Amino acid sequence: MKYQAPRGTHDILPRDSLTWAHLESSFRNLVGLYGYNELRTPTFEDTELFTRSSGETSDIVTKQMYDFADKGGRSITLKAEGTAPAVRAYLEHGLGGQGQVTRLWYTTPVFRYERPQKGRYREHHQFGVECLGSASPLADAEVIEIAYRFLTTIQMPDVSVSLNSIGRAATRAAYREAILGHASAYLTEMGAEDRLRIEKNPLRLLDSKDPKAIDLMKTAPSIQDFLEDESRSRFASLCQALSDLGIPFEIRPEIVRGLDYYTDTVFEVLSHHLGAQSALCGGGRYDRLVQDLGGPDTPAIGFGMGIERLFLVLESLDKLQEAPRIVAFVVAADEIARPMVQRICHDLRNAKISAQCDLEGKDMRRQLKQANALNAEIAVLVGEEELSKRFATIRDLATGEQRALPFDRLVEELQ
RNA sequence: GCGGGUGUAGCUCAGGGGUUAGAGCGCCUCACUGUGGCUGAGGAGGCCGUGGGUUCGAGACCCAUCAUCCGCCCCA
């Protein structure tokens, strides 16, 4: 095979594109019910947008960006995540007006230079929403409700939201000291690279898969105990709001998230139908980001959801969308009937009845084989006798029963 | 970026140094010249991922490379 899709990218083939379209329309319809408006941003941005927003030490910035210099010498990066470009556009076009709450949604390709595995690609696609301009816990609840309701709408099984609060800067500074202190003995026995990783972001210890770390974390202080009063009360309000909405969630203090801009609320939805890449959805509040990108002090919250991962779960459960059956296959019993076959196809399609016919001069037997292979509901047969007496023979392909319908009543009878 | 598994027909997979590389499914032809599905007979389809090497001989063994899958890291 001379050419193939670049590493970590994939084609969405016809049998799968039906499910993709279904996911897309379901999401579009749902966010519309909440008054969210679609935002489309470019496939690439100035590199600095991502380095500024995601955090200089985040993995996305340090090793996963698809960055390159364009012919004008600009440093460009393929969209590495959805929130920063959305905030950029929000600020650039003054979408926030005089501080109103602004609700945006998007579906977009996302590029990260990572080692591909199942559920992890160098180009993948995300749905996302961003609710900008409200600090209310009700905004958090609204965004989480959208994620939850979407997943239930598409019949994603076993959906439960994992929720945490990581507080503000002061909380994380204090907690950082506490957790590093708790783990100091453990840290001295690990390699330099691992230790650096942990020191960069001690919260990583919380979701480590190393048995020693897991054991150590059982006795670790909880970030919940370090929350400031305001963070604590907003978290309580959010939990109450979710309960009121009937959304199941569990508080999981080990949820951290990889982007530096999150404050207070963070959440994830995982699926055990995936392998190691189990997050379907991740999001949180980012009350500092808009300001960091040069805008006014604007609290905001949003999430991203991986479409490929949704697809993989549905596929593993055999829940992909079935192709709509073609209704009528119109068969020419002999060559003289071909023009009438074209005409009938045309009339059926005008009446929104799907119709197909042979294009290659195949004989009647092969045309019927084709109709059968397509799983058409009926065959419409036209031959010499039909032409002279102005009728078509309608054959039910499931039962084999046939009946005659005059040409001028064909479309209405088949409606 | 690190460790491991796998690349053979359109698809799923056998073959593990010795003629012309196999099966099932699918596809095509015929039995069947105005009737699909079922059945039977026949057929097409492969640079055995790619490039080097070892060998009298490589689909098989070695090296490299590309892709993919599993785990780590990380994430959606």
Side-chain angles (χ1 to χ4, degrees), chain A residues 1-10 13 15 54 57-64 79-83 107-128 147 151 191 193-194 196-198 200-201 204 207-210 255-259 267-271 274-283 302-313 329 331-337 358 362-387 393-402:
Chain A
M1 202 75 63
K2 187 161 185 188
Y3 295 111
Q4 47 190 310
R7 178 163 212 213
T9 68
H10 60 101
L13 301 177
R15 52 158 257 170
S54 300
T57 61
S58 69
D59 275 54
I60 286 184
V61 167
T62 55
K63 49 186 198 188
Q64 298 178 347
K79 200 186 286 189
E81 59 103 19
T83 299
T107 175
T108 180
V110 174
F111 303 87
R112 289 180 202 160
Y113 194 89
E114 301 182 82
R115 180 141 176 171
Q117 64 184 73
K118 195 178 189 71
R120 188 173 72 187
Y121 306 97
R122 289 186 172 180
E123 181 189 29
H124 76 279
H125 300 78
Q126 291 187 12
F127 296 130
L151 292 169
E193 197 179 321
D194 289 338
L196 194 65
R197 210 184 78 241
I198 296 300
K200 249 168 35 183
N201 188 350
R204 284 286 159 234
D207 58 1
S208 170
K209 282 160 191 157
D210 177 6
I255 300 264
V256 289
R257 315 257 62 231
L259 299 165
F267 66 97
E268 291 179 352
V269 182
L270 308 181
S271 172
L274 291 163
Q277 311 304 320
S278 61
L280 288 174
C281 173
F303 70 73
M305 191 179 285
I307 306 179
E308 278 81 357
R309 292 185 184 174
L310 300 174
F311 182 93
L312 284 170
V313 174
F329 195 95
V331 172
D334 43 46
E335 288 309 302
I336 196 92
D358 167 57
K362 289 184 176 159
D363 64 26
M364 186 175 182
R365 157 178 295 277
R366 260 159 276 270
Q367 291 178 59
L368 277 159
K369 269 181 177 293
Q370 213 177 320
N372 192 57
L374 276 171
N375 197 22
E377 291 174 30
I378 59 169
V380 177
L381 308 176
V382 186
E384 202 176 346
E385 189 190 353
E386 284 87 347
L387 280 179
T393 299
I394 311 300
R395 180 179 179 85
D396 184 314
L397 287 168
T399 65
E401 284 168 22
Q402 299 195 166

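Chain identifiers are assigned alphabetically (A, B, ...) following the order of the sequence lines, protein sequences preceding nucleic acid strands; residue numbering begins at 1 within each chain. Being a predicted model, the structure only gives us computed values, none of them experimental.
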Item to check | Which nucleotide in B:C74, B:C70, B:G34 has an atom nearest any side-chain atom of A:Thr393 | outcome: B:G34
Item to check | Contact under 4.0 Å: A:Gln117 side-chain N or O vs B:G71 OP1/OP2 | outcome: yes
Checklist entry - Taking the same atom, C1', in B:U20 and in B:U65, what whole-Å distance lies between them? => result 31 Å
Next on the checklist: Would the base of B:G34 count as contacting A:Glu386 through its side chain, where contact means a donor and an acceptor less than 3.5 Å apart?
Outcome noted: yes
Item to check | Base orientation of B:G42, syn vs anti, 90° cut from 0 | outcome: anti
Checklist entry - Would you say the side chain of A:Gln277 lies within less than 4.5 Å of the side chain of A:Leu312, judging by non-hydrogen atoms? => result no
Item to check | Any side-chain heavy-atom pair of A:Ile307 and A:Phe127 under 4.5 Å | outcome: yes
Next on the checklist: Strictly distance-based, threshold 3.5 Å: is any side-chain N or O of A:Gln367 a donor or acceptor partner for the main-chain N or O of A:Lys362?
Outcome noted: yes
Item to check | A:Leu274 CG - B:C74 P separation (whole Å) | outcome: 18 Å
Item to check | P gap between B:C61 and B:C75, integer Å | outcome: 39 Å
Checklist entry - Under 4.0 angstrom, heavy atoms only, what part of the nucleic acid is A:Glu308 near: base, sugar-phosphate, or nothing? => result nothing
Checklist entry - Can you find a donor-acceptor N/O pair under 3.5 angstrom joining the side chain of A:Arg204 to the base of B:C74? => result no
Item to check | Nearest-0.5 Å distance, NE2 of residue A:His124 to CZ of residue A:Phe111 | outcome: 10.0 Å
Checklist entry - Is the closest side-chain heavy-atom distance between A:Arg112 and A:Asp59 below 4.5 Å? => result no
Next on the checklist: Rounded to whole Å, please give me the gap between CG in A:Asp210 and C1' in B:C74.
Outcome noted: 16 Å
Checklist entry - Taking for each residue the nucleotide of RNA chain B with the nearest heavy atom, is it A:His125 or A:Pro6 whose nucleotide lies nearer the 5' end? => result A:Pro6
Item to check | Between B:G34 (C1') and A:Asp334 (CG): distance, integer Å | outcome: 8 Å
Item to check | Flag, side chain of A:Arg204 to backbone of A:Ile198, donor-acceptor distance under 3.5 Å | outcome: no
Checklist entry - Base, sugar-phosphate alone, or nothing: which one does A:Ala398 contact when heavy atoms must sit under 4.0 Å apart? => result base
Checklist entry - Would you say the side chain of A:Leu397 lies within less than 4.5 Å of the side chain of A:Leu368, judging by non-hydrogen atoms? => result yes
Item to check | Side chain to side chain, A:Glu386 and A:Thr393, heavy atoms closer than 4.5 Å | outcome: yes
Item to check | Gap between atoms CG and P, on A:Leu387 and B:G34 respectively (whole Å) | outcome: 15 Å
Next on the checklist: Need one value for A:Glu268: base, sugar-phosphate or nothing, where a base atom within 4.0 Å counts as base even if backbone is also close, heavy atoms only.
Outcome noted: nothing
Checklist entry - Taking the inter-plane angle between the rings of A:Tyr121 and A:His10 on a 0 to 90° scale, is it parallel (under 30°), tilted (30 to 60°) or perpendicular (over 60°)? => result tilted
Item to check | Nearest-angstrom distance from the residue atom CE of A:Met364 to P of B:G36 | outcome: 9 Å
Report all interatomic pairs (protein N or O, nucleotide N or O of nucleotides 28-31 of chain B) with separations under 3.5 Å.
from	atom 1	to	atom 2	distance (Å)
B:U29	OP2	A:Arg366	NH1	3.3
B:C30	OP2	A:Arg366	NH1	3.0
B:C30	OP2	A:Arg366	NH2	3.1

Next on the checklist: Students often get this wrong, so: under 4.0 angstrom with heavy atoms, is A:Gly8 touching a base, only sugar-phosphate, or nothing?
Outcome noted: sugar-phosphate
For nucleotides 40-46 of chain B, print each protein N/O atom paired with a nucleotide N/O atom at under 3.5 Å, atom names and distance only.
none

Item to check | Pairing nucleotide - B:G3, Watson-Crick or G-U, each distance under 3.5 Å | outcome: B:C70
Next on the checklist: I'd like the P distance from B:G22 over to B:G16, given in whole Å.
Outcome noted: 14 Å
Checklist entry - Is there a donor N/O on one and an acceptor N/O on the other, under 3.5 Å, for the side chain of A:Asn372 and the base of B:G37? => result no
Checklist entry - Which nucleotide, in any strand shown, forms a Watson-Crick or G-U wobble pair with B:A64, with both distances under 3.5 Å? => result B:U50
Item to check | Residue matched to B:G22 through Watson-Crick or wobble contacts both under 3.5 angstrom | outcome: B:C13
Item to check | OP1 or OP2 of B:C73 under 4.0 Å from side-chain N/O of A:Lys209 | outcome: yes
Checklist entry - For A:Tyr121, which contact category applies under a 4.0 Å heavy-atom criterion: base, sugar-phosphate, or nothing? => result base
Checklist entry - Nearest 0.5 Å, what's the NZ-CD distance between A:Lys79 and A:Glu81? => result 10.0 Å
Checklist entry - For the atom pair CD (A:Gln126) and CZ (A:Arg309), what is the distance rounded to the nearest 0.5 Å? => result 9.0 Å
Next on the checklist: If I pick the C1' atom on B:G26 and the same atom on B:C63, what distance separates them, to the nearest angstrom?
Outcome noted: 38 Å
Next on the checklist: Just so I know, are the side chains of A:Val331 and A:Arg395 near enough to count as touching, which here means a heavy-atom distance under 4.5 Å?
Outcome noted: no
Checklist entry - So what does A:Leu280 hit on the nucleic acid, given a heavy-atom distance under 4.0 Å: a base, only sugar-phosphate, or nothing? => result sugar-phosphate
Next on the checklist: Using a 4.0 Å heavy-atom cut-off, does A:Glu123 contact any base of the nucleic acid, only the sugar-phosphate backbone, or nothing at all?
Outcome noted: nothing
Next on the checklist: Any base atoms under 4.0 Å from A:Gln370, or only sugar-phosphate, or nothing? Heavy atoms, all strands.
Outcome noted: nothing
Item to check | C1' atoms of B:G36 and B:A76, separation to the nearest Å | outcome: 46 Å
Next on the checklist: Please determine whether a side-chain nitrogen or oxygen atom of A:Arg7 lies at a distance below 4.0 Å from atom OP1 or OP2 of B:A67.
Outcome noted: yes
Checklist outcome for this item: Whole-Å distance, A:Phe111 CZ to B:A76 C1', equals 14 Å
Item to check | Nearest-angstrom distance from the residue atom CD of A:Gln4 to P of B:G10 | outcome: 15 Å
Item to check | Min side-chain heavy-atom separation A:Lys63-A:Tyr113 under 4.5 Å | outcome: no
Checklist entry - Looking for any heavy atom pair under 4.0 Å, which part of the strands does A:Leu310 touch: base, sugar-phosphate only, or nothing? => result nothing
Checklist entry - For B:G40, which nucleotide is its Watson-Crick or G-U wobble mate, given both distances must be under 3.5 Å? => result B:C30
Checklist entry - Considering only the P atoms, how many Å lie between B:C73 and B:G46, rounded to the nearest integer? => result 45 Å
Checklist entry - Which whole-number value in Å describes the distance from A:Leu381 CG to B:U35 P? => result 10 Å
